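Take a look at the structure set out below.
Computed from a predicted structure; not experimentally measured. Convention: sequence-line order gives letters A, B, ...; per-chain numbering from 1. Both backbone and side-chain heavy atoms feed into the values below; hydrogens, waters and symmetry mates do not.
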Protein chains: 2
Amino acid sequence: MSEKTTIYDIAKELNISAATVSRALNNNPKISESTIKLVMDTAAKMNYKQNRLALALRSGKSGNIGVIVPRINTNFFGSVIRGIEEELHPNKYNVIICQTHEDESREIENINTLLDAQVDGIMISITNESKKNEKIIHRVLEKNVPLIFFDRKKNIDGVSSITIDDFKAGYIATKHLIDQGCKKIAHLCGDQSLEIYENRFKGYQKALLDNGITFDETYVIQSKSNIEDGISVTNKLLQLKTPPDAIFSASDFAALGAIQELKAQGIQIPKDFCVVGFGNEPFTKFMELSISTIDQSPLEMGKMTAKVFLEQMNNTEDFKMEKKIVLNPILHIRKSSSRQNL
Amino acid sequence: MSEKTTIYDIAKELNISAATVSRALNNNPKISESTIKLVMDTAAKMNYKQNRLALALRSGKSGNIGVIVPRINTNFFGSVIRGIEEELHPNKYNVIICQTHEDESREIENINTLLDAQVDGIMISITNESKKNEKIIHRVLEKNVPLIFFDRKKNIDGVSSITIDDFKAGYIATKHLIDQGCKKIAHLCGDQSLEIYENRFKGYQKALLDNGITFDETYVIQSKSNIEDGISVTNKLLQLKTPPDAIFSASDFAALGAIQELKAQGIQIPKDFCVVGFGNEPFTKFMELSISTIDQSPLEMGKMTAKVFLEQMNNTEDFKMEKKIVLNPILHIRKSSSRQNL
DNA sequence: TACGTTTGTGTAATCGATTGCATGATTTGA
DNA sequence: TCAAATCATGCAATCGATTACACAAACGTA
């Protein structure tokens with residue numbers, strides 16, 4: 001049962017005031033060298049640890065940062081959080097994680113919890129673009145709690161964000177399929193109320209346009225980010241009068257489902273049909289028929305997010321800083337769309 | 001720029017003392033119904049939020065729980081954390097995540113960080129069994145900070161733990177291979193200084209013994225939990241005078257490497273060779289040749305860990321509570337070891 | 001009426017660290 | 001040698017909520 005030593009204990013021990021102890025511990029130049037040394041030594045001897053709660057109350061800073069994600073147990077978000085963590089820990093910030101499970105009311109709850117917990121900042125990847133959570137976001141801003149979006153953002157003035165260039169990602173993925181000789185490229189798109197999915201779709205359209213392929217909206221079909229949906233949606237595509245000869249999926253999971261369905265129908269990949277996914281989930285690489293996909297550099301994204309936060313915290317200027325960082329997507333070409341060796 | 005309202009603001013507004021406000025907000029029976037209602041209403045009107053930092057200082061409880069894992073971006077740990085989170089959030093605890101990257105000194109750092117941050121408890125899956133971190137663990141206990149192990153534990157009196165029955169897991173995995181007709185079963189084992197890997201190995205041995213198969217130590221070979229090591233280790237096994245006809249790997253990643261190497265050597269799975277992995281990583285299910293594996297119920301493990309913590313927090317009795325919970329491993333039989341359809 | 005109880009509130013201390021202001025001691029400069 | 005400047009330190013308030021103790025008012029009872 002080790003009693004905690006406080007600055008008062010040290011003060012009593014040395015017959016000086018707590019104020020002097022506090023100043024000495026903070027290397028205040030007003031305190032004489034000898035006193036500082038004495039206090040430091042005594043503090044070490046008495047195994048003194050600063051009480052961060054007391055500091056938090058006085059300064060109004062908890063030293064905690066809230067991170068809100070749809071879910072934590074996917075490679076993408078797990079890696080982003082890892083990046084955030086690695087950047088913030090050396091700066092004495094702790095990371096508090098919340099999950100929304102793609103549920104808006106849960107998102108609101110989480111933000112309130114974090115505000116209650118007096119976090120020094122919030123980093124969030126929002127669930128979707130609906131108006132419902134607009135209000136709570138503004139409450140965060142009103143409270144002057146630094147807010148940063150990553151990956152799934154809202155466009156709000158004065159709020160920084162770290163995303164990847166989803167338009168470009170959609171573009172290069174589609175362009176790659178065109179380069180492989182595909183002419184009828186379908187797109188499994190995500191919830192269009194989210195900017196990321198909208199941009200992937202637009203990139204896809206632009207690539208078609210730039211390469212003289214007419215856009216056909218029957219080739220665009222929304223799919224959830226899971227295998228089952230990928231299967232059923234692909235099945236529908238294959239029943240079209242003129243079925244597609246390639247799929248660009250906005251999700252790796254849906255792409256995997258698509259591949260399973262294609263195989264089930266005896267279609268040869270990549271000979272007769274090419275597939276590109278999105279996210280570079282670990283399994284895309286491990287599959288026997290490895291899946292081409294877009295890497296989103298999640299680790300990097302996490303680190304950038306944390307860095308931008310730290311910059312804003314250290315920004316003592318009077319003006320608000322807004323940074324919109326857009327990372328470069330990287331296309332990994334794998335077996336599911338490589339025809340050069342055939 | 002919304003100024004925060006405190007109980008003093010409410011007190012001033014109503015011309016009563018802050019003490020009364022505090023008591024009213026906490027539904028103290030000493031306060032008259034009418035006052036409580038008045039205070040509650042005014043608090044709501046003034047948008048009062050309790051300052052958790054002040055509460056934290058006074059009570060000595062931060063409301064934060066530290067969770068230490070080797071890494072966060074794997075399915076297993078991600079899911080455990082998710083489980084912990086889901087159980088603790090409704091109880092007003094926040095979860096602070098730390099990663100050790102399998103580095104002992106990092107582990108010590110993390111524990112110190114958490115103690116500094118005045119967490120109300122620590123849940124940890126340790127990096128390994130070496131003596132170096134023994135000291136810091138005891139410091140946690142001395143400080144009376146509740147400590148709980150999950151998955152990778154140390155055996156310390158009075159400390160609760162939630163694990164799976166790794167011995168049984170090793171046993172049923174091996175028994176399954178024997179049932180498939182395999183006679184020369186190799187084991188890719190993990191770091192034997194970790195109890196979990198030691199127990200998987202022991203279960204493997206016992207299953208062999210119980211089924212009249214002589215244990216052959218040349219069939220046991222240590223492998224790191226990654227594909228590359230799985231490949232190289234399997235290559236070595238195949239060069240033996242009498243190569244094995246099955247592998248029970250203590251890691252899914254090594255199992256995947258093993259399968260890749262087996263295929264590369266033209267060996268038919270499961271006809272000529274069976275493989276069972278460990279962990280039920282998502283990819284094991286997605287592979288075209290899906291991999292048999294042991295599920296560790298990580299979500300359940302996380303939830304149990306949190307529950308045990310909450311129980312200990314609510315335990316007002318004078319005695320210490322120690323719970324050693326052992327979850328049941330579940331064998332998922334998939335293509336890599338299913339001979340019944342051949 | 002007088003006295004003991006109950007009820008509802010207020011006063012002030014507490015948690016631990018920080019910091020503006022005051023003060024006493026020492027040094028500097030003329 | 002004395003005023004001014006510098007230096008080192010102490011005092012006390014502060015952050016916001018809780019709570020032991022005190023106390024006044026209201027009530028009940030003999």
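Between N51(B) and the phosphate of dC15(D), there is no side-chain N or O to OP1/OP2 separation shorter than 4.0 Å. For dA17(D), the OP1/OP2 oxygens have no side-chain nitrogen or oxygen of S22(B) closer than 4.0 Å. Residue S59(A) places no side-chain N or O under 4.0 Å from the OP1 or OP2 atom of dC15(D). Distances shorter than 4.0 Å separate some side-chain N or O of T35(A) from OP1 or OP2 on dT9(D). The phosphate of dG10(C) (OP1 or OP2) has a side-chain N or O of T20(B) nearer than 4.0 angstrom. OP1 or OP2 of dT18(D) sits under 4.0 Å from a side-chain N or O of N26(B). Between Q50(B) and dT18(D) there is a side-chain polar atom (N or O) within less than 4.0 angstrom of OP1 or OP2.
With rounding to whole Å, R58(B) atom CZ is found 6 Å from dT19(D) atom C1'. In this structure, the CD1 atom of I31(B) is 14 Å from the C1' atom of dT6(C), given to the nearest Å. Going from atom NZ of K4(B) over to atom C1' of dA17(D) covers 15 Å, rounded to whole Å. Put simply, CD1 on I10(B) is 14 Å from P on dG10(C), counting in whole angstrom units. Rounding to whole angstrom units, CG of residue L57(B) and P of dT14(D) are separated by 17 Å. To the nearest angstrom, P of dA17(D) lies 16 Å from CG of N28(B). If you measure from atom NZ of K30(A) to atom P of dT18(C), you get 18 Å, rounded to the nearest angstrom. As rounded to whole Å, 9 Å separates atom P of dG16(D) from atom OH of Y8(B).
Across all strands, S32(A) comes closer than 4.0 Å only to sugar-phosphate atoms, never to a base (heavy-atom distances). Within the 4.0 angstrom heavy-atom criterion, no nucleotide atom of any strand lies near L25(A). At a threshold of 4.0 angstrom between heavy atoms, the contacts of L53(A) with the nucleic acid are absent. Counting non-hydrogen atoms under 4.0 angstrom, T6(A) reaches the backbone sugars and phosphates but no base. Residue-level contact check: L55(B) touches the backbone only, with heavy atoms under 4.0 Å from sugar-phosphate atoms and none from bases.
Among the candidates I325(A), L299(A), I148(A), the single residue satisfying the side chain to side chain contact (heavy atoms under 4.5 Å, CB included) test with M304(A) is I325(A). Under the side chain to side chain contact (heavy atoms under 4.5 Å, CB included) rule, L38(A) has a single partner from L14(A), I16(A), V21(A), which is L14(A).
Residues Y48(A) and I16(B) each lie close to DNA chain C; by heavy-atom proximity, the contact nearer the 5' end of the strand is made by I16(B).
Using a 3.5 Å distance cut-off with no hydrogens or angles, the side chains of E86(B) and H101(A) do pair a donor with an acceptor. For the residue pair Q50(A)/D116(B), the side-chain donor-acceptor check at 3.5 Å is not satisfied.
For NZ of K324(B), the number of neighbouring non-hydrogen atoms (other residues, nucleotides, ligands) closer than 6.0 Å is greater than 12.
Here dT11(C) is the nucleotide among dT11(C), dA17(D), dT14(D) with the atom lying nearest to any side-chain atom of S17(B).
Electrostatic pairing of R106(A) and E104(A) does not count as a salt bridge here, judged by no charged N lying under 4.0 Å from a carboxylate O.
Side-chain atoms of R23(B) and base atoms of dG10(C) include a donor and an acceptor less than 3.5 Å apart.
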